[in-house]
Each structure stands twice: as structure tokens, then as C-alpha cells.
Amino acid sequence: MNSRNVFDVLKERGYLAQVTHEDEVRELLGSESVSFYIGFDPTADSLHVGHFIQIMVMMHMQRSGHRPIALVGGGTGMVGDPSGKTDMRKMMTLEMVEHNSRAFQKQLSRFLDFSEGQAILVNNAEWLLNLNYVEFLREVGIHFSVNRMLTAECFKSRLEKGLSFLEFNYMLMQSYDFLELNRKYNVKLQLGGDDQWSNIIAGVDLIRRVQGTSAYGMTFNLLTTGEGKKMGKTEAGALWLDPEKTSPYEFYQYWRNIDDADVKKCLALLTFLPMEEVERLGSLKDEKINEAKKVLAYEVTKIVHGKAEAEKAKAATEALFGQGGADAEVPGTTLSAVEFRKNSNIIDLLYLVKLIPSKAEGRRLVKQGGIYVNDERIDSIDHTLTDRDIRDGSLMIRRGKKVYHKVTVE
RNA sequence: GGGGGAGUACCCAAGUGGUCAAAGGGGGCAGACUGUAAAUCUGUUAGCUCAGCUUUCGAUGGUUCGAAUCCGUCCUCCCCCA
């Protein structure tokens with residue numbers, strides 16, 4: 001589909017962070033269909049935008065005729081990757097890992113074409129969970145120098161705070177994954193976020209030692225803001241790809257509100273728009289850059305949640321922030337008339353529709369002038385709503401400037 | 001295994017018998033200003049039946065009129081030695 005070397009595409013769009021052998025990898029990707037893999041450890045029950053950038057890369061690669069192997073870390077998830085972490089993460093139970101692995105598999109299948117072996121989904125639990133300890137040590141452990149591991153970047157912060165032997169083994173496990181996939185599917189290339197660099201080159205080395213063949217690795221820039229902070233964090237935590245955890249509307253809003261400085265980068269990394277268009281939109285200034293943000297929000301939402309949801313989110317946004325029709329698809333709650341009357345106090349209502357985590361928070365918000373009903377500021381925590389506040393069967397609550405919630409009364 | 005140190009709210013971190021729901025910073029939320037941006041300024045940031053009450057300072061049991069602060073036990077982590 002794409003006649004250009006995908007390596008150049010990835011480079012141009014700003015994905016690339018580090019490559020083990022730049023010329024050879026480029027050559028390889030330009031001359032044959034390459035099986036490559038990216039691993040996803042099931043640390044939660046949904047993928048988030050951090051993973052999405054990896055998925056984008058897989059999609060680019062697949063479009064160029066390469067074969068993505070998405071590896072779900074049902075085995076490595078049992079140990080936990082210490083890379084870049086300052087603290088040990090909580091150990092997960094087998095049940096949690098399995099549950100999360102299934103959720104990942106389901107989500108990944110939306111982005112890649114798994115038909116006829118054009119992409120493969122594997123779970124490293126398959127080969128890691130039943131490893132024999134001594135055999136593993138003798139086959140794999142022998143090739144790892146502890147001295148060298150200790151100098152690896154990924155352990156740095158942990159050498160100050162403490163690192164358990166459990167986590168220290170993570171690198172061997174991931175390297176073994178690469179070896180296993182190399183044997184099984186002739187995988188020669190491992191991709192990953194830049195925090196995976198140490199783990200990836202360890203695997204590359206292992207394959208060279210054990211198999212005597214070449215293997216390569218490549219990492220991608222993590223999605224960070226202009227200030228270097230990790231992007232994709234919301235008040236609720238991560239920005240999830242699961243619509244149940246982060247609604248398409250919220251998802252859209254996140255990108256609509258991105259920093260000016262990050263717009264261009266996000267357009268390049270998170271959409272398939274041609275680079276000329278990315279350049280054009282990214283160079284808009286002042287309020288004109290809002291146009292670029294709209295495109296960004298729409299495009300990313302479209303890829304993640306589909307066109308229909310993207311349209312809805314866009315329409316809702318226009319209705320709320322522009323002057324479009326008032327009756328839009330806004331996040332909301334439907335209440336019976338009885339429920340509504342029972343909770344007609346503003347604080348009770350806010351609490352009922354989960355706009356506030358506690359009633360104390362609600363009182364605080366009202367006192368600070370942060371709550372509006374039908375665009376009228378509520379000035380008293382004792383304010384009571386009546387049927388007169390219901391217009392066409394619903395009323396619109398707004399928290400702060402941007403959080404809208406529609407309450408429909410039946 | 002021996003010795004030393006530490007565990008405080010979302011995070012970092014002060015507090016070492018009452019004036020502590022607990023300084024300060026970060027983050028979050030809200031207000032002002034704006035472009036649904038950033039920066040800046042202001043307020044706020046345990047819960048509830050809120051000018052009153054309840055629960056909180058690793059866990060648990062004590063001492064005391066009264067403890068985050070003192071004592072016992074336990075758990076976890078870090079450092080030094082082996």
C-alpha cells in the first residue's frame with residue numbers, strides 16, 4: 001500500500017528514538033516483509049494512549065506490508081517491569097493478569113488486521129509460566145552479565161531505591177520472549193517505547209549469542225508534553241482507550257485541549273494525516289491553532305473509537321462550546337421524575353450523577369462559583385432544583401468551564 | 001544473621017504530648033484573565049445529617065485528662081556489616 005520505506009515514514013513523523021543498526025534496519029524494512037513484535041504488559045484492564053503510540057507504529061508497519069506480532073505479557077506481567085520505575089509496582093494475581101490480558105487482546109484486535117496471519121497475537125504466559133528454573137538459568141541466564149546489567153539505564157533509579165531479584169529478572173524474561181519469537185516466527189525486530197531500550201538490546205544480544213543470527217531493535221519516543229511530562233494523564237488517571245473508562249467525548253476533549261506546543265507532534269504521531277497537512281496545521285498560530293486541535297481531536301478519536309463516535313463527540317462539542325443545536329450527545333444521566341425530586345438539592349444531584357466524588361467537594365465547588373445549571377451559576381449550597389429547571393425533558397449541569405453533564409428526567 | 005535508620009494526606013516533605021484535619025512544595029479542582037491553550041494571579045484540596053460532629057499520621061495493644069508525637073509487639077522498606 002505504501003511504497004515508501006516505512007522506516008523513513010516513521011522517522012519523518014518523529015516516532016524514532018533509538019535504533020540498534022540504523023542502516024541495516026532500514027535496508028531490511030525496505031527489502032522484505034518483516035515480522036516484528038511489540039510487547040504490552042497487562043498492568044491494567046485497558047490500554048491507554050501510551051500504548052496507542054505503539055499501536056500506531058504497528059499500523060504503519062502493517063500498512064507497509066510487515067507483519068506485527070502483538071505480544072500480551074501474561075507471563076512478564078507476573079513479574080513487573082522495573083524500567084524507569086522508582087518503586088516496585090504491586091504484584092498482580094494470576095487472575096488479574098489473565099483478566100487484563102484478555103482485555104488487551106480484545107482492544108488490539110480493533111487496530112490491526114489479524115486475518116490470514118497478517119498479524120499475530122501471542123501471550124508470553126504460554127512459554128514463560130512453565131519454564132523450568134534450572135534449565136532457564138543454564139540456557140538463558142548464562143548469557144547475561146550481572147555487571148553489565150547493573151549499569152543498564154533501566155535499573156538506575158532502582159539501584160538507589162532498591163530492586164528485588166524478582167524484578168531484576170524481568171530483562172531476562174523479555175529477552176527470552178524475543179528469542180522465542182525469533183525461533184517460532186522468525187521475528188528479527190523488536191519495537192517498543194524508549195523506556196524499553198535496555199530490555200530490547202538485551203534480547204538482540206541474546207539472539208545473536210544463542211542463534212548466531214542478527215536481530216534488531218528500535219524504540220519510539222514516549223508521548224510527552226513540551227515540558228517533558230508524560231502525556232495522557234487526566235484527573236481520573238490515564239487516558240484509556242476503553243470507552244467505558246474514558247468516554248469518546250472525554251477522549252476527544254483531551255486532544256481538543258492539548259497545549260499549543262504539542263499539537264504538531266501529536267498530529268504526526270497519532271493521526272495518519274499526510275505530513276504536509278501536519279506541517280500546515282502545526283504551524284498555525286494563536287487562536288487559529290484551535291483549528292488544528294479540532295482536527296487532531298477528531299482524527300485521533302476516529303482511529304480509536306470509530307467514525308461514528310468521533311462525529312458524536314465533535315457534534316457534542318460544537319453544541320456545548322459553539323452555538324450549534326442544544327440537544328447534543330453529551331455525557332449524561334437519565335433519572336426518573338421521582339429520583340429527581342428526591343435529589344432536587346443541587347449537592348445531592350451532583351453527587352447522584354457522579355459529578356463530584358463527595359458532597360464536601362460539591363459544597364466547595366458551589367461556594368467557589370463553579371457549578372452552573374442551564375448556564376446559570378448556582379450561588380447557594382441549599383439551592384433546590386424544580387421542574388421549572390427542566391427544559392425539553394432535561395437540564396444541563398456544568399462544572400467549571402468544560403465539564404458538561406446532561407440530566408434527563410423521564 | 002548483627003547494627004543503624006525510616007514509614008505522615010494524591011506525591012514529596014515538616015511536625016516529636018494539647019493551640020494538628022496536621023507547615024511548605026508539587027499535583028488536582030475552582031475563580032479571574034484568555035483562544036475550551038499556555039503563563040500569571042486568587043481561592044481551595046479527609047468525610048458527614050457541616051459555624052457541630054466523625055475518621056485520619058504503616059498495623060495493633062498500652063501509658064495519659066489528652067498522642068502523629070511516649071512505651072510494647074508486629075509488618076514493610078532503606079543503609080552499613082556478614
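Throughout, protein chains are lettered first and strands after them, A, B, ... in sequence-line order, and every chain is numbered starting at 1.
A:Tyr372 has a side-chain polar atom (N or O) that falls below the 4.0 Å cut-off from OP1 or OP2 of B:G31.
If you take atom P in B:G28 and the same atom in B:U34, they sit 23 Å apart, rounded to whole Å. Taking the P atoms as reference points, B:U19 lies 16 Å from B:C57, given to the whole Å. Annotation: B:G17 and B:A68 have their P atoms spaced 13 Å apart (nearest Å). Rounded to the nearest Å, the gap between the P atom of B:U54 and that of B:G66 is 15 Å.
For the pair A:Arg67 and A:Tyr37, the cation-pi criterion (under 6.0 Å, within 45° of the ring axis) is not fulfilled.
Annotation: of the two residues near RNA chain B, A:Glu361 and A:Ile381, the 5′-most nearest-nucleotide partner is A:Glu361. Toward the 5′ end of RNA chain B lies the nearest nucleotide of A:Gly369, the other residue of the pair A:Gly369 and A:Lys402 mapping further downstream.
One can place CD1 of A:Ile356 at 15 Å from P of B:A46, the figure rounded to the nearest angstrom. For A:Arg364 and B:C29, the CZ to P distance is 14 Å, given to the nearest whole Å. The nearest whole Å value for the distance from the NZ atom in A:Lys401 to the C1' atom in B:C29 is 11 Å. In this structure, A:Leu267 atom CG and B:A37 atom C1' are separated by 14 Å, rounded to whole Å. Between the CD atom of A:Glu291 and the C1' atom of B:U36 there is a distance of 13 Å, rounded to whole Å. Taking atom CG of residue A:Asn290 and atom P of nucleotide B:A38, one finds them 11 Å apart after rounding to whole Å. Going from atom NZ of A:Lys359 over to atom C1' of B:U44 covers 21 Å, rounded to whole Å.
A 3.5 Å limit on both hydrogen-bonding distances identifies B:G62 as the Watson-Crick or G-U partner of B:C70. Nucleotide B:A22 has no partner under the Watson-Crick or G-U criteria, as no pair reaches both atom distances under 3.5 Å. The partner of B:U40 is B:A32, judged by Watson-Crick or G-U wobble contacts that both fall below 3.5 Å. Within the shown strands, B:C81 is the pairing partner of B:G1 under the Watson-Crick or G-U definition, both distances less than 3.5 Å. Using the Watson-Crick or G-U wobble rule with both distances under 3.5 Å, B:A6 pairs with B:U76.
In this structure, the nucleotide among B:G31, B:U49, B:G35 sitting nearest to the side chain of A:Asp286 is B:G35. Here the side chain of A:Ser358 is nearest to one of B:G35, B:G47, B:U44, namely B:G47. Side-chain atoms of A:Lys293 lie closest to B:G35 of the nucleotides B:U36, B:A32, B:G35. With B:G35, B:U36, B:A38 as the candidates, the nucleotide lying closest to the side chain of A:Ile289 is B:G35. Among the nucleotides B:C48, B:A37, B:A30, the one closest to the side chain of A:Arg399 is B:A30. Listed nucleotides B:G35, B:A37, B:G47 differ in distance to A:Asn257; the shortest reach to its side chain belongs to B:A37. Minimum atom distance to the side chain of A:Gln368 is reached by B:A30, of the listed B:A30, B:U36, B:G47. When each of B:U36, B:U44, B:G31 is scored by its nearest atom to the side-chain atoms of A:Gln253, the top-ranked nucleotide is B:U36.
Within 6.0 Å of CD in A:Glu376 there are 12 or fewer heavy atoms belonging to other residues, nucleotides or ligands.
When only modelled atom types and interatomic distance are considered, A:Glu361 and A:Ser358 share no side-chain donor-acceptor pair under 3.5 Å.
In this structure, A:Arg398 reaches neither bases nor backbone, as no heavy-atom distance under 4.0 Å exists between it and the strands shown.
Taking the six-membered ring where the residue is Trp, A:Tyr15 and A:Phe220 present perpendicular rings, their angle passing 60° and hence far from 30°. Relative ring orientation between A:Trp255 and A:Phe251 is described as perpendicular, the plane-to-plane angle rising above 60° on a 0-90° scale split at 30° and 60°.
Between A:Phe144 and A:Tyr176, the gap from one ring centroid to the other reaches at least 6.0 Å.
Counting heavy atoms from C-beta on, the side chains of A:Trp197 and A:Glu153 never come closer than 4.5 Å.
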